[in-house]
Amino acid sequence: MKRELDKAYNPGENEDKIYKKWEESGYFNPDNLVLDPDAKSYTIVLPPPNITDKLHMGHAATVAIEDLLIRYHRLLGERALWIPGTDHAAIATQNVVEKRLLKEKGKTRQDLGKEKFLEEVWAFLKITQSTILHQVKKMGASLDWSRLSFTLDDERQLAVRTMFSEMYKEGVIYRGDRIVNWCPRCHSTLADDEVEYKEQLAKIYTFKYDKNFPLSISTTRPETKLGDTAVAVNPKDERYKKYIGQEFKVVFCGQALNIKIIADRNVESDFGTGALGVTPAHSMVDWQMAQANNLPLIKVINEEGQIHPGFGKFSGLSALAAREAIVNELRERGLLEKEEDLTNNLSICYRCGTAIEPLSSKQWFISVDKKIERLGNKSLKEKSIEAAQSEEIKFIPERFNKRYLDWMNNLHDWCISRQIWFGHQIPVWYKGEDIYTGLEAPSGEGWIQDQDTLDTWFSSGMWTFSTLGWPTNYNDAKKSGDLAKFHPTQVLETGYELITLWISRMIMMSFFALDEIPFSKVYLHGMILDKDGKKMSKSKGNGIDPLDIIEKYGTDATRLALLMGTTPGNDSRFSEDKVEAKRNFINKLWNISRFILTSCDEKFYAAASEKAPQEKSIADTWILGEMSKLIKNTTERFNSFEFSLAAEELNDFTWNKLADWYLEIAKVEKDKEEILIYLLKNLLILWHPFIPFVTEAIWESFNDNVLMVAKWPGAEEKEVFLNNDINLIQDIIVAIRNARSENKIEPSKKIDAIIYAGKSTPLILRQAEIIKSLKTGIASLEVYEKGEKIDSAIMLPLGEIEIYLLGAIDGEKEKTRLIKEKANLEKLISLQAQKLNNADFVSRAPEKIVTAEKEKLNSYEQELSKIVNIISSL
RNA sequence: GGACGAUUAGCUCAGUUGGUUAGAGCGCUACAUUGACACUGUAGAGGUCAGAGGUUCGAAUCCUCUAUCGUCCACCA
């Protein structure tokens, strides 16, 4: 079993081998875990990456965090399931394939036709999907690959079609006219969040429809005015009050229009003329006003961005050409009053940058406000808002709760149809006036399926339950199989930019399908920026491929760099320096293990990791106390998602306490094998969720089982040194004094290496003399340099109060410090007592606070008495 | 325009309900070196916690304002 460890840890040599071992163990699948019958389930779904591109550092962070959670809960003995999958990313994928097609074959998707084009897409998918899965495995992800899903595979297609028809049946999905963001180039609607804005210089024209119309209006888009049905003014605007409610027949550039004057609070009196021409068919705001005032809707611009037939000479012109023609005509007729420059925000398509044409069209929608009887007559919006308000779903960090609620409260119906080829085709069939919705085409001739596909977030919104066998595992409001075992999931971990796009949809979808939340915690990580704080992007070329970093420093170092020094919700910079530091740490851990394993005989390897061995010296008591504290803290940190702090504490223990202190002590004191193995085992378990490979590699060199499924240590109620440190120092002082006075200390024993207490850390000195305390094993020493005594000290590694120097040089200093501390404490106590005597405070403050304050007072008093004792013994 | 964050050592960042002398990593300076580890060890320098007020016995931490940077949302016709 014993295997010599290499001098330095070599990640490349170990990682693939270990990953294979894990996969072969079958433990990624919770069904293979040996568990308590009543073990809790712990489920996370991996946010399915788009299959358009290989993974970036953001994905790496996701994998690092989720794998940490899963490994931690697996070690706790829970039924830990992490579900892998990929997202078909409808529009994005189609776009990428289209671009490649054009570049490689010079063809457009129309050249190929739908069928051939989709074949191209699927061929592309196969390649990218395997690249992505390879990357995820390289990150060490303990995903259950037997449950691998794809948002467009057969099971998910069934789920999507079921969902659609169920929603349709309950009237939650409807088809309607709406103003949509239309990209005339992509020939598709865009969701609001797919629209980007660009500042541009525009002209704003002020004019009257015709001579007889009393108001002037201002617009940057005169061509849409062919479809105006109203002019809106602010109800408080004194200039126009008298017109409100009146109707005018006007002839605008040859086009007869009925214009009603309406009042709307959204109109700003001091913008332009304070009168706004309302074009219901081509502006969201106008459409809303039209709805509120029951105004008709006139379509002016078609899907190609051209003027519809029926507008005389303008018909068939592009919007821009029509604008020019109209402005010219207004100018000729003397109706144009002003022409000014204006910078405004132009909506553009997030993919191609083409200007968005808002137009009305028939689309499919999910109603977020429709009351659903079986959900207690509440709408999806209401249910989703309640879930966050009641903290049934909690956001980490908390502030994102507000962002989620702000978004949900302003939520409009969700347009789910997209005019693209790749995706879930809408499961609706038409035959003349008849409409059918279902899982398959209806029987009979002549039914034609809707050509649109669904917004990609429709299928990813179902991800928590579509991956667990819904709808098959859900009948008559009862869950079975995986769905019963693993849903709701525990944590959804993703970037904060997905709150609106994805998280909100998942919550609504889950309520609709299952009447329950999809997850109880949402952990949001920040963006991973480059070392200069810039967003990584392909166009800037500052993106980092996680695989390159892994190649160079190993997966563990990469993961640790992503987890340490980062806090939820905050962006963080990623630099190689950081990874290098972590790589060094991992090597340190490796060497610590190497030292322990080579200095312990094999017969100690079986030492239990659960129960601390008997301590034999003060150093043992100290380190075991520290370990117990570490276990407790790490567990708490993990439970409260404070990974960075957990790692920092683990790091501090490993490097500053174990390596710097205890291992040095172990070189002098003997008989520490059991403790060393105990410490090592626990340390490896605690570190495992962060750095699974190196810990497993060390573990397998002296254990038969797999570390991944070891047992998470419980914090033993150990005597924690810190609480008693002052008493112990006292004991040592007394012991040394006694020993000195009784001449029991032999000052002459020469030791090769000893430990010297400087201020807080040890130093190995040669040819110095040590005086060993009879009681403690290490306690007191005198330090000589070139034959001259330079210091004498008593030392003790004691956590926060680490060292007390008592020699001739430092004794006085120490005494001064203690006296200062004493005064400080006395002051604190008097203030604390004052506070507690304040009747107002006691009566008003919550009991919890008062108790806490009392405890504080108590601890101050205890500390004070110890310090007084020490001072008096000096 | 609205909301949210950030501002702490030369750099990157921690700092959990306010509490003794504000921490880490990297970098820097000096020293050490065959004993687990140069992917090392020890010692050290380096901070008006953005600024100004306020609350408090006590503020990096709570409140107000200001400045700079960043993100998101809305969007002007």
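Letters go in sequence order (proteins before strands), and every chain restarts at 1.
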Rounding to an integer number of Å, can you tell me how far [X] [atom1] sits from [N] [atom2]?
X: I698(A); N: rA36(B); atom1: CD1; atom2: P; value: 16 Å
X: Y9(A); N: rA36(B); atom1: OH; atom2: C1'; value: 17 Å
X: E580(A); N: rA24(B); atom1: CD; atom2: P; value: 20 Å
X: D6(A); N: rA36(B); atom1: CG; atom2: C1'; value: 13 Å
X: W655(A); N: rU40(B); atom1: CH2; atom2: C1'; value: 8 Å
X: L589(A); N: rU40(B); atom1: CG; atom2: C1'; value: 15 Å
X: D571(A); N: rC13(B); atom1: CG; atom2: P; value: 10 Å

(message) If a pair means Watson-Crick or G-U wobble with both distances below 3.5 Å, what does RNA chain B look like in dot-bracket form, with | marking bases paired to a different strand?
(response) (((((((..((((.....[...)))).(((((.......))))).....(((((..]....))))))))))))....
Need one value for [X]: base, sugar-phosphate or nothing, where a base atom within 4.0 Å counts as base even if backbone is also close, heavy atoms only.
X: I217(A); answer: nothing
X: S644(A); answer: nothing
X: T567(A); answer: sugar-phosphate

(message) Main chain of G565(A), side chain of S644(A): is a donor-acceptor contact present, judged purely on distance under 3.5 Å?
(response) yes
(message) Can a donor-acceptor pair be found, under 3.5 Å and without considering hydrogens, that links the side chain of H282(A) to the backbone of V300(A)?
(response)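 Here the side-chain-to-backbone pair exists.
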Would you say [N] has OP1 or OP2 under 4.0 Å from some side-chain N or O of [X]?
X: K531(A); N: rU12(B); answer: no
X: S572(A); N: rC13(B); answer: no
X: K588(A); N: rG41(B); answer: yes

(request) Tell me whether the centres of the aromatic rings in W687(A) and F690(A) are closer together than 6.0 Å. (result) yes
(request) Tell me, yes or no, whether the heavy-atom count around E551(A) atom CD, taken from other residues, nucleotides or ligands under 6.0 Å, exceeds 12. (result)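 Not more than 12 within 6.0 Å, no.
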(message) Run the side-chain contact (heavy atoms from CB on, under 4.5 Å) test against D406(A) and tell me which residues pass, sequence neighbours left out.
(response)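 With neighbours one apart ignored, the set is K402(A).
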(message) I'd like to check the side-chain contact (heavy atoms from CB on, under 4.5 Å) partners of S572(A); sequence neighbours left out, ordered by chain and number.
(response) I528(A), T566(A)
(request) With sequence neighbours excluded, tell me which residues meet side chain to side chain donor-acceptor pair (under 3.5 Å) with T279(A). (result)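 Result, side chain to side chain donor-acceptor pair (under 3.5 Å) vs T279(A): K225(A), D228(A).
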(message) Using the P atom as the point on both nucleotides, what is the distance between rC73(B) and rC26(B), in whole Å?
(response)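 Rounded to whole Å, the distance is 38 Å.
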(message) I'd like the P distance from rG27(B) over to rG41(B), given in whole Å.
(response)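 So the two P atoms sit 12 Å from each other.
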(request) List the protein contact pattern of nucleotides 1-8 of chain B with one symbol per nucleotide (5' to 3'): B for base contact, S for sugar-phosphate-only contact, - for none; contact means a heavy-atom distance under 4.0 Å. (result) --SSS---
(request) Look at the side chain of F595(A) and decide which nucleotide, out of rA36(B), rG25(B), rA14(B), has an atom nearest to it. (result) rA36(B)
(message) Regarding E357(A) and R221(A), does a basic nitrogen lie under 4.0 Å from an acidic carboxylate oxygen?
(response) yes
If you look only at distance, which donor and acceptor atoms sit under 3.5 Å apart when one is on a side chain in residues 576-585 of chain A and the other is two or more places apart or in another chain?
{"unit_1": "E576(A)", "atom_1": "OE1", "unit_2": "K552(A)", "atom_2": "NZ", "d": "2.9"}
{"unit_1": "E576(A)", "atom_1": "OE1", "unit_2": "Y553(A)", "atom_2": "OH", "d": "2.7"}
{"unit_1": "K578(A)", "atom_1": "NZ", "unit_2": "R573(A)", "atom_2": "O", "d": "3.4"}

